[in-house]
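This is a predicted model, so every value here is computed, not measured. Letters A, B, ... mirror the listed sequences (proteins, then strands); counts begin at 1.
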Amino acid sequence: MLALMSPWIVGFLVFIAYPLVMSVYLSFTHYDLLNAPRWIGTANYRYMFGADDQIWPAIRNTLWIIVVGVPLQVLFAFGISVMLTRAKHGVGFFRTVFYLPALAPPVAAALGFVYLLNPATGPVNTLLGHLGINGPLWFNDPAWAKPSLVLLSLWGVGNTMVIFLAAVLDVPRHLYESAELDGAGPLQRMRWVTLPSISPVILFAVVLGVIQGLQYFTQAYVAATVAAGQASQAGGTSNLELGYPQGSTLFYPILLYYHGFKYFDMGYAAAMALVLLGVSFAVTLVILVNSRRWVHYGGAVR
Amino acid sequence: MSAVAAPLERRRPPRAVRRRRFLIAVADHSLLIAAAAAFLAPVVFIALTALMTNDQALSAHLWPHPFRWSNFKEAISTAPLLRWTLNTLIYAALATIGILVSSIPVAYALAKLRWRGRNAVMLVVLVALMLPPQVSVVPLYVMWAKLGNAVGFHFVGSLWPLIIPAWLGDAFSIFLLRQFFMTIPEEYLDAARVDGCGELRILTTVVLRLAKPAIAAVALFSVLYTFNDFFLPLLYLSDNPSSWVVSLGLSQYRSLHQVQWNLTMAATLLVMAPVIVVFFLAQRAFVEGVTLTGVKG
């Protein structure tokens, strides 16, 4: 047993336990990697919640992307999977089409979307122009940058969709039949049979979505840097600003990255990481506890 | 005759109902087709742009004229795309082998062996699974930087900080494999035990053979994860372009090439292509793996 477990025990000690303990220590220090860590007590935490004028925008943006993005992803994945179960022809083809974008490497997908949504020459605004609509500035407009990121996440909703599809197909047929006998219409059957039956999977998708939202980095970082480069080409800002445009895509993990690995303020980055960890656990716990009211684990099978 | 025909006649729904069903089916499918078109459109436009001249890509034209196939060649030759690919392959291969070698025994011990503290360890694995990567990243970066100074080898700037942890167990893979190992009937293992097999022998013969689909899924996820990984390469490799992987290189591609959207889209397409090829080669392992994570949780 011990022989089988030993690689993981070492891995756990070095790559999980040690960093956690070290984070706690570093978060009470000022440390720039060059000079030895200097103990500064709770100064990092006091600065975070008192003086750092970037942290609240970063928290607000992160909340926005979770509160708007996750429900949309769940709805979207659910809608597509229901559509797929109703179809009689070409289900395999459609399923593949909806799933594939989820596999697109995040950097490639973000790059592609910045081009597609390019305000001046992108295909989307060109098409909108043909319809007589003046398209928005998308990734270059503070009001539209986050919705553009949500669009990108909806395009990659395939994983959730596959899980929902399996769950919807798993709903016992006799439940629908008895509901129909009781005179339930299609919408009522959806509300009182399908939704309760797949509620564990919805919970799974929500928890996963929230956790990923709290760690949201790659797409936002790539989209912001690429879109910003584009603007500086056009004679705008020359230096990369945090969370381009105008801090609208400054998410918590991006701010953490800048503090840790651009400004090399390791102590402050460690403090931010610990707060993120605490929030992740708290939010997950709240969702799980709350879920008892709406998640039904049907039968004794589970 | 009519006695036989009548029940058949009755079973067939009236014309109005059939008509309605047909219309509903048409509506269902047209919705699906519209949604599918929306999902395909981004790739189609990326591909069309990848075939345009630079002037065209900056114009309002959506269809390339003429088709400029040489963009792909140019996209490869103007940036060290092959070097990035090689680095990515090294990262993906070494990390995936490491994850399999280290995670399979752990998953087996957690699923099929009885020992004290097993449930506690399982809980720790689940907590590790939930841990945001941002939490451990700061001390680990410090660790690799210091270790590098101590032994005189620059770990920061090399692929090793990304590969070595994979050889010491990966929580997600352990969890997924454990879920699958749980479904292996105890009788098979007991039969092998009666024949005098040790646990390691049972693992390498019986379990590995039975768990092929799950192992394939884990390997697949690991390859995909490494191919897509951006955060860790950005941290460790940024300052050393010779060790860049594809994801990092692609994110810098446009600053290397100014406004050349057509070449950037050609490179983007080249980066998406292997994933799509892998998907079609290993479709079943994919679907099985995805449902294994979600449904049997």
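Heavy atoms closer than 4.5 Å to chain A are found in the side chain of B:L203, but not in its backbone. Interface residue A:L103: backbone and side-chain heavy atoms are both found under 4.5 Å from chain B. At a 4.5 Å heavy-atom cutoff, the contact between B:L32 and chain A is made by backbone and side-chain atoms alike. Only the side chain of B:I24 comes within contact range of chain A, judged by heavy atoms closer than 4.5 Å. With a 4.5 angstrom heavy-atom cutoff, A:V222 touches chain B only via side-chain atoms. Of the atoms belonging to B:V101, not a single heavy atom falls under 4.5 Å from chain A. A:V14 touches chain B through backbone and side chain together, each having a heavy atom under 4.5 Å away. In this structure, no portion of A:F164 lies under 4.5 Å from any heavy atom of chain B. Looking at B:I174, only its side chain comes within 4.5 Å of chain A, counting heavy atoms on both sides. For B:M265, the part sitting under 4.5 Å from any heavy atom of chain A is the side chain, from C-beta outward, and nothing else. Contacts of B:L62 with chain A are made by side-chain atoms alone, with heavy-atom separations under 4.5 Å and no backbone atom involved. For B:I33, the parts lying near chain A are the backbone and the side chain together; criterion is any non-hydrogen pair under 4.5 Å.
Residue A:T126 holds its OG1 atom at 8.5 Å from CZ of B:F45, rounded to the nearest 0.5 Å. Distance check: B:W261 CH2 to A:N118 CG gives 6.0 Å after rounding to the nearest 0.5 Å. Considering CG of A:L4 and CG of B:L200, their distance stands at 6.5 Å, rounded to 0.5 Å. B:M130 contributes atom CE, which lies 10.0 Å from atom CG of A:L208 (distance to the nearest 0.5 angstrom).
Per-residue heavy-atom pair counts under 4.5 Å with chain A were compared for B:L31, B:I46, B:V271, B:L235, and the maximum is reached by B:L235. When the candidates B:V142, B:V278, B:L248, B:L110 are compared by the number of heavy-atom contacts under 4.5 Å with chain A, B:V142 comes out ahead. Note: A:L277 leads A:L277, A:T284, A:V207 in heavy-atom pairs under 4.5 Å with chain B. Chain A forms more heavy-atom pairs under 4.5 Å with one residue of B:A41, B:P42, B:S136 than with any other, namely B:P42. In terms of heavy-atom pairs under 4.5 Å with chain B, the best-connected choice from A:Q212, A:M22, A:M83, A:Q215 is A:Q215. Interface summary for chain B: among A:A205, A:G79, A:A87, the most heavy-atom pairs under 4.5 angstrom belong to A:A87. Considering only heavy-atom pairs separated by less than 4.5 Å from chain B, the leading option among A:I211, A:L274, A:T96, A:I80 is A:T96. Chain B forms the most heavy-atom pairs under 4.5 Å with one residue out of A:F217, A:F12, A:F98, and that residue is A:F98. Of the listed residues (B:V124, B:V106, B:V43, B:T268), the one with the most heavy-atom contacts under 4.5 Å to chain A is B:V106. Ranked by heavy-atom pairs under 4.5 Å with chain B, the first of A:L100, A:I16, A:V21, A:L20 is A:L100. Most heavy-atom pairs under 4.5 Å with chain A, from the set B:A35, B:A267, B:S102: that is B:A35. Residue with the most contacts toward chain A among B:S247, B:A145, B:P165: B:P165 (heavy-atom pairs, distance under 4.5 Å).
A donor-acceptor contact shorter than 3.5 Å links the side chain of A:S23 to the backbone of B:V135.
Heavy-atom contacts from other residues, nucleotides or ligands closer than 6.0 Å to CZ of B:R118 number more than 12. More than 12 heavy atoms of other residues, nucleotides or ligands sit less than 6.0 Å from atom NE2 of B:H29.
When all heavy atoms are compared, the tightest approach of B:P139 to A:P19 is CG-O, 3.2 Å. The minimum heavy-atom distance linking B:G169 with A:W8 is given by the pair CA-CD1, 4.2 Å.
Of the options A:F261, A:Y257, A:Y31, a ring pair (Phe, Tyr, Trp, His ring centres under 6.0 Å) to B:Y141 is made by A:F261 and by none of the others.
By the 4.5 Å heavy-atom criterion applied to side chains, B:W167 and A:P7 are not counted as neighbours. For the pair B:D170/A:F15, no side-chain contact is recorded, criterion being any heavy-atom separation below 4.5 Å from C-beta on. Side-chain contact check for B:V275 versus A:P105: some heavy-atom pair is nearer than 4.5 Å.
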Where do A:Y268 and B:V138 land on the side chain to side chain contact (heavy atoms under 4.5 Å, CB included) test, with the steps shown first?
CA-CA 10 Å; A:Y268 191 61; B:V138 170; over 6 Å; no
Quick one, B:F39 with A:L154, criterion side chain to side chain contact (heavy atoms under 4.5 Å, CB included). Give me CA distance, side-chain angles, the key distance, then yes/no.
CA-CA 9 Å; B:F39 268 72; A:L154 290 182; over 6 Å; no
Check step by step if side chain to side chain contact (heavy atoms under 4.5 Å, CB included) holds for B:V121 and A:M5.
CA-CA 10 Å; B:V121 171; A:M5 293 293 295; 3.7 Å; yes
Side chain to side chain contact (heavy atoms under 4.5 Å, CB included) for B:Q134 and A:Y252? Distances and angles first, verdict last.
CA-CA 10 Å; B:Q134 281 86 1; A:Y252 193 91; over 6 Å; no
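Classification of the A:Y221-B:F230 ring pair by plane angle, with boundaries at 30° and 60°, yields tilted.
Using modelled atom types, one finds no donor on one side chain facing an acceptor on the other under 3.5 Å when comparing B:T264 with A:Y115.
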